[in-house]
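In this chain, residues are counted from 1 in sequence order.
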Amino acid sequence: MGSDAIVFIVYLLILLSIGLYFSSKASKSVDSYLLGDRSLGPAVTALTMQSTSMSGFMFLGGPAEAFQRGWYAILYGIGDAGGSIVNLSVLGKRMRRMSELLKALSPIEYLEKRYESTGIRIVGAVISIVFLFAYVFAQFIASGKALEALTGLSYELALIIGVSVIVIYTVTGGYLAVVWTDFFQAIVMVIGMVGILIMGLIHLGGLSGLNASLAQIDTSYLSIWGKDLEFYGQWGVIIGAILIYSIGYMGLPHVVVRHMSMRSTKTVKTATLWTAIYNQAMAFSPYLIGLIGIILLPNIADPEMVVSELAYTFFPGLFAAILLSAVMAAIMSTSDSILMQAGTILSRDVYQRFIHKTANQDRMVLVSRLSILLAGIIGVIVAIKQPPSVFALVVFAFGTLGNSFLVPYICSVYWRNSNKVGILSAMISGSVSHILWTTFDWQASTGIHPFLGGLIVSILGMVIGNRFGTPPSEDVLDLFEKAKGPRILPNNIEKNISCEISPEAKSISIFVSSQLSVESKL
């Protein structure tokens, strides 16, 4: 057995150990299994959010897009660099408060209780399950390719091994196992990716050398419009490529659930700092590595294997295997979160809500575990057939989920009178428009990225639909106000206000005192 295979076996055993460690805690209650008792601190929140968001796309799809289209691909990195910062800043505190006030354990249950509509839960559950599965299929394909390159096993066998490990530690350890393996894998990811990038840039003479080499091959690689100026003048494509990852995370159920599991709203501030630092090191690296691949690997058969090839080009076998564990880290950290969320939705939002309303906690945990196992089996079967590229499948699933839920989640904490008709209109119109935009390639005829097109339609659906619904109940409106949190003025502002009104206050005090004195004499 080669040293690289041994490294990876050790890595898998570490992940399994984490899952087994949390198995007893996960079985305590439904809240423990599905949401980790809302106990996550800032560092874990930040890194699980990042590793969950980035996925195998960052090691396969992202570099491949840069390899094929040049600097245009960096637009996705620009959005990604700020995506979680926006997500935490906009939704973090308010969604944390609101979800606890509503006693919601899943993002879909949260929407039903916020808008008091069973229809929202049904539509939301269907959209989530279908496109979370599509998303996880892309991760499974990525895991098979990565393990095949790492171990020399056949794609099918590598796929089964990789997915089996993910399913085992997710089923046994629940949400806490998922977030702590994500935390561990986020560290592995950034070390592996930055290590390969630094070696590539040294080899080419830095960014200047990289750009000079690209210009010698084809100057259009340096353009934001893509190779051969494919998207020339199409600002709708450029804006959409940035927006999909800068704001799209706010529409992903398996990402926004991190807001619900934080220890408190105080977690948000420090978590934002953690994610800001992490993102700058991680978000741009895969695309730059893809550009390096254009020069150093011009004849590579599969552009999605650029990272793997460069790892073995720059590093000895053992060290390359350690770095390539980062590829599996990215894949696994997203796969386990998606599987966990799919299991949560199937058990909490489908089984308990519509099939067995009185199911006890043990039954709920069992159903969730069986759902995760079923999702894994279906995923392996589909991934063996190898549907479209990882990049295409991730962008499609990501965009559809984002266009379905981004507007509803933001409105839930910022638009007091948003109602169920508006939310249903936003969810349905956003998802359908993104599917049609992608399927019929409306980007080519309109010059607008599918995500941007779907977002515009979703916003219009929300605004128009909201005119035909009734406002939420007083109970929900009261919770909405509580979710805003305390409004305390900063000390310096409060002090300045006191100084400015002190003369008026003193005059009023003197006037009132004189009036009381006069009245007492009378």
Between [X] and [Y], which heavy-atom pair has the shortest distance, and what is it?
X	Y	answer
Trp180	Val44	CH2-CG2, 3.4 Å
Ile372	Gly343	CG1-CA, 4.0 Å
Leu401	Pro253	CD2-CD, 4.3 Å
Glu116	Ser473	OE2-OG, 2.7 Å
His449	Ala241	CD2-N, 3.7 Å
Ile166	Leu339	CG2-CD1, 3.9 Å

Output the distance between atom [atom1] ([X]) and atom [atom2] ([Y]), rounded to the nearest 0.5 Å.
X	Y	atom1	atom2	value
Met250	Ser84	CE	OG	10.5 Å
Ile345	Ile108	CD1	CD1	5.0 Å
Met49	Asn279	CE	CG	10.5 Å
Leu406	Asn87	CG	CG	9.0 Å
Ser425	Ile464	OG	CD1	8.5 Å
Glu156	Ile160	CD	CD1	8.0 Å

Is the backbone N or O of [Y] less than 3.5 Å from a side-chain atom of [X], with the two atoms forming a donor-acceptor pair by type?
X	Y	value
Ser89	Val86	no
Ser412	Tyr409	yes
Thr270	Thr267	no
Ser246	Ile242	yes
Lys113	Lys103	yes
Thr438	Ile435	no
Arg369	Val171	yes
Arg114	Val476	no
Glu109	Arg348	no
Asn403	Ser431	no

Any side-chain heavy-atom pair of [X] and [Y] under 4.5 Å:
X	Y	answer
Leu40	Leu176	yes
Glu65	Pro303	no
Ile247	Leu455	yes
Phe480	Leu101	no
Ser418	Met462	yes
Phe396	Thr400	yes
Asn417	Leu477	yes
Asn419	Phe468	no

Compute whether any side-chain donor of one residue and acceptor of the other, for Ser368 and Tyr351, lie under 3.5 angstrom apart.
no
Side-chain donor-acceptor pair under 3.5 Å between Arg353 and Thr118, yes or no?
yes
Which is it for Arg258 and Met262 under the side-chain contact (heavy atoms from CB on, under 4.5 Å) test, yes or no, and what are the steps along the way?
CA-CA 7 Å; Arg258 268 60 185 169; Met262 290 187 292; 5.9 Å; no
Does atom NZ of Lys420 have more than 12 heavy-atom neighbours from other groups under 6.0 Å away?
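Atom NZ in Lys420 is not crowded, with 12 or fewer foreign heavy atoms closer than 6.0 Å.
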Chi angles and distances behind the side-chain contact (heavy atoms from CB on, under 4.5 Å) call for Tyr287, Leu75:
CA-CA 9 Å; Tyr287 305 101; Leu75 297 172; over 6 Å; no
Using the six-membered ring wherever Trp is involved, compare the ring planes of Phe133 and Phe137 and label them parallel, tilted or perpendicular (cut-offs 30° and 60°).
tilted
If you apply the rule side-chain contact (heavy atoms from CB on, under 4.5 Å), what do you find for Phe140 with Ile381, and how did you get there?
CA-CA 10 Å; Phe140 287 175; Ile381 294 171; over 6 Å; no
For Thr275 and Thr45: C-alpha separation, side-chain torsions, deciding distance, then whether side-chain contact (heavy atoms from CB on, under 4.5 Å) applies.
CA-CA 9 Å; Thr275 195; Thr45 295; over 6 Å; no
Derivation of the ring-ring contact (aromatic ring centres under 6.0 Å, His included) call for Phe131 and Phe398
CA-CA 8 Å; Phe131 290 98; Phe398 189 111; over 10 Å; no
